[in-house]
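In this text the structure is predicted, and so the values were computed from the model without any measurement. What you see below is based on every heavy atom in this structure, not just the backbone, and it leaves out hydrogens, waters and symmetry mates.
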Amino acid sequence: MTDTTIAPVTGFSCGLDATLRVIAGKWKPLIVYFLIQGPTRYGALKRAVRGVSDKVLIQQLKELEADGIVTRRDYQEVPPRVDYTLTPLGHGLAAALTPLCEWGSANMAAVARLLEERARWQAPPTAPAPAPAPAPAADG
């Protein structure tokens with residue numbers, strides 16, 4: 001699985017290192033996943049990749065384009081119309097991500113439980129509740 005003979009030439013420790021450098025970050029794998037269907041307009045991609053800001057989505061798309069994973073097509077219309085598509089290299093990457101998607105789908109409930117448990121032990125400790133004040137002494 002590891003081929004250390006390529007490391008000195010390419011600067012990568014292994015093939016996984018090369019892959020992770022291309023898809024580094026939270027959003028790039030999701031962008032690639034949602035582009036598998038074919039050309040997708042920016043707005044549809046923004047809705048599909050929930051939680052990403054416009055600034056970050058644009059930045060990630062530019063990086064994927066620079067890396068040869070995505071092609072951007074500007075139709076030069078008013079109002080502007082732009083769509084994104086996977087390149088052949090991007091389709092190969094999407095195929096490599098498919099088993100990860102399948103694993104996530106098959107284990108979604110277990111992962112949700114694990115993440116909830118992690119959130120509990122990572123949460124800052126709560127301050128103990130103050131002890132109740134002593135009851136006033138009864139005058140007899």
Do the non-hydrogen side-chain atoms of L97 and I36 ever get within less than 4.5 Å of each other?
no

If you count every heavy atom of other residues, nucleotides or ligands that lies below 6.0 Å from R72 atom CZ, does the total exceed 12?
yes

With a sphere of 6.0 Å drawn around OH of Y33, does it hold more than 12 non-hydrogen atoms of other residues, nucleotides or ligands?
no

Other cluster members, W103 - Ile/Leu/Val/Met/Phe/Trp/Tyr, side-chain contacts below 4.5 Å:
V111, L115

Just verifying a value: how many Å separate L64 CG and L93 CG, rounded to the nearest 0.5 Å?
8.5 Å

I need the L35 CG to T71 OG1 distance, nearest 0.5 Å.
10.0 Å

Could I get the full list of salt bridge (charged side-chain N to carboxylate O under 4.0 Å, His left out) partners for E77, not counting sequence neighbours?
R81

Contacts of R21 meeting salt bridge (charged side-chain N to carboxylate O under 4.0 Å, His left out) (sequence neighbours excluded), chain-then-number -> D17

Between I31 and Q60, which heavy-atom pair has the shortest distance, and what is it?
CD1-CB, 3.7 Å

K46 side chain to R41 backbone, donor-acceptor under 3.5 Å
no

Could you check whether any side-chain N or O of T40 sits under 3.5 Å from a backbone N or O of L45, counting only pairs where one atom can act as donor and the other as acceptor?
no

Decide whether V70 and V82 are clustered together by the hydrophobic rule: side chain heavy atoms of Ile, Leu, Val, Met, Phe, Trp, Tyr closer than 4.5 Å, transitively.
yes

